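Note that ligands are numbered from 1 as they come in the structure, with each ligand's atoms numbered from 1 the same way. Numbering of residues begins at 1 and proceeds along the displayed sequence. Quantities reported herein were computed from a predicted structural model and do not represent experimental measurements.
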Amino acid sequence: MSFDLEQALNFAEHKHCRKIQQRTENSRKKRRVYYESSLINNVSSHVSDELSNVVSTLTLNMNTNPESTDKIVHDCLSKVLFEKDAQDEDNIINLEEIQSNTMNCSQVCKNSFDNLELSNDSSTIDEVLLHCYTDMSREEFCSTLLNILRDAHISKSHANRLLSFIRSTFPIPNAVPTRIEQLLEFLEIDNYLLKKYMLCTICNNILSCSDICCLKCLCSDHKCLAVVYDMNVEQLIKKIYIRLKMDIDEYREHLQTMHDRDETNDIGITIDHNHRIDVKFLSITGDSPALRNILNFIGHGGYFCCNFCYIRGQHIKRKRQYFYEKEQVLRYSSTYDKESAEAEKTKEIIYGHKGTSILQNILDTKLPEAIIIDYQHASLLRHAKTTRRTIYKQLNPSHRRLIDIKLKNQCFPHFFNRRMIPFKNLSFIKAVELRNILLYGFLPLSYEFMNREQLAHFTLFICSIRVYHSQPPMFGRETATIANRLFEQYNKDHKKFYHLIQNYVLHLHSHYGNQYVNYGSLANIECFSQEDLLGHISSNTHGTRYYDDQIVHYYNIDFSLNNRVPQTKYKIYYKPIDLDTNFIIDNYSIIIQYHNRICKCLNTSKYISIYRRCIIRNNTFHSLLYKRRTKSKSYFISYYKSTNNNEKYFGFIHLFFYCKDTTYAVIERFQNMHKFSSLFKSSSYFDLLKKPLDSCFSIVSKEPSDIFDIVEIGHVIKHCIVFDIEQCLIITEVSAYHEHD
Ligand SMILES: [Zn+2]
Ligand SMILES: [Zn+2]
Ligand SMILES: [Zn+2]
């Protein structure tokens with residue numbers, strides 16, 4: 001026994017020594033290579049070699065045959081994962097070694113990236129001056145001009161006209177490029193991103209773009225010839241990674257320290273640069289037809305169509321209904337795999353599975369946890385829309401008109417780019433507009449007109465989504481539990497108020513709680529940015545032809561321009577902006593009084609400066625002094641009076657003033673009145689609704705109270721949306737900020 005142990009220890013020690021030897025040898029080699037290469041002044045080539053090594057472990061081969069692509073990705077990933085495991089086992093021998101190893105790795109990496117940044121810099125410095133009467137470089141001129149051209153959406157031909165005009169006004173000789181192609185060349189933006197070629201879809205033969213028929217199978221039908229824009233994914237990931245390195249590093253730090261205060265795990269894809277870039281596939285999302293296809297699952301409306309549980313569904317009047325079930329039987333990942341494999345083998349549908357999913361071997365998380373329900377489709381575009389259409393039909397016509405007018409005229413903070421759309425136009429509505437109605441507008445604007453018990457029931461749903469959506473989490477660690485409880489009750493009683501709309505999307509909401517625990521707030525899960533990208537692409541075309549080439553051309557330029565911007569570390573800003581020099585402070589005795597309490601300086605008008613706007617936690621707030629706010633309302637806010645007072649107050653900001661390194665907001669307060677939940681006192685849902693409802697909505701006096709509060713800007717909480725009701729105002733805070741970007 002003791003002999004065995006001794007032997008094992010010896011072995012481990014021996015191994016340890018060998019490893020250290022190996023490592024010093026390696027780093028010596030590395031240093032030597034670096035030294036030699038820098039001697040012959042060839043840093044950049046050495047570094048790029050090293051980087052291509054870094055990336056080459058993940059070979060994303062753009063193969064035309066989908067099966068083989070899958071296989072390659074799968075092989076690589078499993079290899080990557082396996083290697084990691086093996087390495088870990090090795091390292092168990094000595095804890096010290098693990099630590100020194102990781103330190104060593106990060107050291108090497110840091111070095112290589114420092115070099116990389118260095119080499120990047122040196123390659124982009126363009127010493128040529130624009131002309132001899134300026135110290136502006138050609139490079140600076142070109143990149144500024146290109147940015148302007150892109151922002152102004154100027155087409156290629158007009159850009160060329162502009163260039164030749166600028167050139168003609170400059171002294172000769174000058175270095176202004178003659179054509180846009182030359183400008184791109186100066187900036188070293190070449191068409192590396194996408195390569196264009198033609199493909200015969202019948203025999204997979206690659207043709208050149210000028211060919212009109214396939215030389216191999218002699219097919220000449222233009223519908224069989226596909227134009228392909230092929231992308232070097234490896235290059236792309238490399239560039240994106242270098243650009244976002246700072247953010248990624250910060251996220252990794254969070255991951256390593258597991259600094260996840262609210263336990264929501266909402267940290268995305270990990271890209272790790274220790275020796276290679278590992279791309280982890282966290283999850284899959286989409287609307288339900290897309291998910292059905294990629295997951296090889298039965299479509300919504302079928303029996304057992306829920307990916308998360310074994311709800312069967314009932315067939316009633318040619319519609320499939322999924323009624324509330326007290327005890328859900330959830331699908332576990334082991335049975336999920338087993339059943340999909342069985343379906344694949346037997347070619348039969350097994351509890352909704354039609355076979356294995358092509359994602360099964362790609363995802364690094366297990367199915368079905370890897371599936372994210374897209375709340376914009378499920379909650380906004382489907383369930384909320386259906387329910388509201390039903391409610392709208394129940395209202396009498398004069399009330400419908402009144403609500404529509406109120407919806408149309410409602411003001412929002414300036415960063416809400418869309419107002420609410422009247423109910424009658426519901427078929428053209430966008431997800432963002434539906435979100436604004438559901439989260440903010442519906443309840444305050446319709447409570448006068450609706451049956452109180454039915455509204456209380458729908459309020460369960462509104463509050464549930466508000467709580468799931470809130471950022472920061474409205475009730476800390478209890479957030480998901482509270483939101484889920486609200487939805488359970490809503491789902492249970494749904495049949496009391498609505499007939500035959502208890503469909504699959506309604507059922508899906510019962511899995512939001514689990515999803516919240518895995519992925520965090522609903523505001524994180526969105527396709528709005530993709531919608532923006534599509535809109536951006538469609539606005540990038542000029543004329544009526546060659547859209548494909550134009551889109552690719554501009555995408556390429558934008559990508560390169562983006563990569564040229566030096567990255568700055570993400571910081572949280574507090575800063576007054578928009579100085580008002582004409583403001584006469586002597587008219588505001590309240591400011592002078594307050595100032596004299598906190599500060600000794602005598603000449604107030606000299607030391608206090610007045611501002612019209614202010615950036616607080618990276619969001620811009622307006623004051624009443626700011627006159628260019630048009631119809632937006634970004635001066636109505638919620639705030640705390642001091643650090644040790646937890647009560648929330650509401651009011652509008654008259655102005656910001658700055659003195660002695662501190663910015664203050666001068667706020668006129670609106671008196672808090674009865675709780676919003678008191679409107680539902682007679683409802684059977686009152687107890688359940690009280691806490692979340694009063695956290696979302698408040699009632700204040702219609703007119704300001706003439707009480708002024710002066711608070712440090714750190715005490716300002718959020719922008720508020722104000723609804724003007726007969727004898728009072730209903731106030732609600734903005735739920736989450738980053739979704740509006
Ligand atoms: Zn062919
Ligand atoms: Zn389910
Ligand atoms: Zn002062």
K496 vs D493, salt bridge (charged side-chain N to carboxylate O under 4.0 Å, His left out): CA-CA, chis, key distance, verdict: CA-CA 5 Å; K496 285 190 195 165; D493 292 344; 3.7 Å; yes
Mind listing the side-chain donor-acceptor pairs of residues 287-299 below 3.5 Å, one per line with the distance, residues two or more places apart or on another chain?
from : atom 1 : to   : atom 2 : distance (Å)
D287 : OD1    : A290 : N      : 3.3
N296 : ND2    : T356 : O      : 3.1

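Between the side chains of R320 and H315, a donor-acceptor pair is found at a separation under 3.5 Å. Defined by atom type and a distance below 3.5 Å, a donor-acceptor pair is missing between the side-chain atoms of Q471 and S735.
In this structure H414 satisfies the ring-ring contact (aromatic ring centres under 6.0 Å, His included) test together with H622, sequence neighbours excluded. Residues satisfying the salt bridge (charged side-chain N to carboxylate O under 4.0 Å, His left out) criterion with E369, sequence neighbours excluded, are absent altogether.
Here the protein contributes C306 SG, C309 SG, H507 NE2, H511 NE2 as N, O or S atoms under 2.8 Å from the Zn ion (ligand 2).
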